[in-house]
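Written out below as structure tokens is the structure these notes cover.
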Amino acid sequence: MHSFKYLVGEGFRSLWTNRLMSFASIGVLVCCLVLMGSASLISVNISGLMNWLGDQNVVKVFLEDGLTQDQTEEMKQNILNVGNIESIEFVDRQQAYESIINRMTSNPELIMAIDDTGSFLPDAYTVTFADLTRFEETVTLLESLPNVYSVSDKRELAQKLQSINRVVSVVGIWIVGLLFVVSLFIITNTIKLTMYVRRLEISIMKSVGATDWFIRLPFLVEGMVIGILSGAISFGLVTYVYITAMSAVSSVLSFGMISYSKLWVWCLIAFIIAGVLAGAVGSLISISKYLNKEGGLSNA
């Protein structure tokens, strides 16, 4: 136990002695973890949004301009005749305009730029389907009705979200991979610097019979502490950005981001584990190369 305390203490001492390189290691690893965490959270929210869209059984049937009140009423019956209709509600252009304005109360400049009559908006029927398995068929029938300008559903949006998710995943993997390699390189060089400073001490320890793992432990502790600090800083940064973004998105969209209360524990665990692994791997690579060079492994 005394030896263990000594070795752990040496790891912390080395971290402070080489604080400039340690700071560089932490900085690069934080960048890597923040990008990795951000890409993961974006992907999780896109998947959640796609699931939410998939559960929606509501479409809007926009009517052509210039219809009389009788024609508008007739359209309601035509829509009901399509079948698979659970409920239908008429939304005139003024109601639609007021709904848009209510969602944009935090952007008064944008409100001022919009036509205050709402005349640019079409009248519409909000239609709820009874059976989601007949979604495609029902939308096709609604689009074929006379005096229907368009039918708005979530299929196109879901496809775009899928494309965005793929791009974020691919780009995120490449960037994180590159930064992870850079992080290992800097951590490895930080440990090498520590070994160079302590080369005489390591040589003496080997001479009196110290095992390779006895020598490795302080450097392993140094790398893992770098990883833990990087993970904690990354978690704090991502938490702040996510909560800020969640507040902004929920004020303008009906679909909010996934509550951070459901994610923060997993995020913290992931950041700490990723940081510790990066630090440990970088340390082991560096010290193993040194011991191989010195012929130490044969005595382990």
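Remember, predicted model here, so these are calculated numbers, not experimental data. Values below: all heavy atoms of this structure, side chains included; hydrogens, waters and symmetry mates excluded. Numbers here are sequence positions counted from 1.
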Could you state whether [X] and [Y] fall into the same hydrophobic cluster, counting links through intermediate Ile, Leu, Val, Met, Phe, Trp or Tyr residues with side-chain heavy atoms under 4.5 angstrom apart?
X	Y	value
L35	Y240	no
I258	V241	no
I269	I228	yes
I243	W266	no
I273	M36	yes

Could you measure the distance from the [atom1] atom of [X] to the [atom2] atom of [Y]? Nearest 0.5 Å is fine.
X	Y	atom1	atom2	result
N81	M75	CG	CE	10.5 Å
I26	C31	CD1	SG	12.0 Å
S150	E64	OG	CD	10.0 Å

Exercise for review: Go through the structure and list residues passing side-chain contact (heavy atoms from CB on, under 4.5 Å) with V225, not counting sequence neighbours.
Suggested key: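 In terms of side-chain contact (heavy atoms from CB on, under 4.5 Å), with neighbours along the sequence ignored, V225 is linked to F12, L15, V221, L229.
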Indicate yes or no: at least one non-hydrogen side-chain atom of [X] is less than 4.5 angstrom from one of [Y].
X	Y	answer
V238	C267	no
Y125	K76	yes
T128	E89	no
L142	L145	yes
N147	L63	no
L67	D123	no
I272	F235	no

Exercise for review: Return the orientation label for the Y242 and Y260 ring planes: parallel under 30°, perpendicular over 60°, tilted otherwise.
Suggested key: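 Ring orientation of Y242 relative to Y260: tilted.
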Closest approach of [X] to [Y] (non-hydrogen atoms, all atoms of both residues):
X	Y	answer
M246	S259	SD-CA, 3.9 Å
V34	F271	N-CE2, 4.4 Å
A278	L29	CB-CD1, 3.8 Å

**Study point:** Members besides Y149 in its Ile/Leu/Val/Met/Phe/Trp/Tyr cluster (side-chain heavy atoms under 4.5 Å)
**Key:**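 Members alongside Y149: F62.
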Review point. Taking I79 as the fixed residue, which of L141, V148, I88, T138 is the one that meets the side-chain contact (heavy atoms from CB on, under 4.5 Å) rule?
Key: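 Running side-chain contact (heavy atoms from CB on, under 4.5 Å) over L141, V148, I88, T138 with I79 returns exactly one hit, I88.
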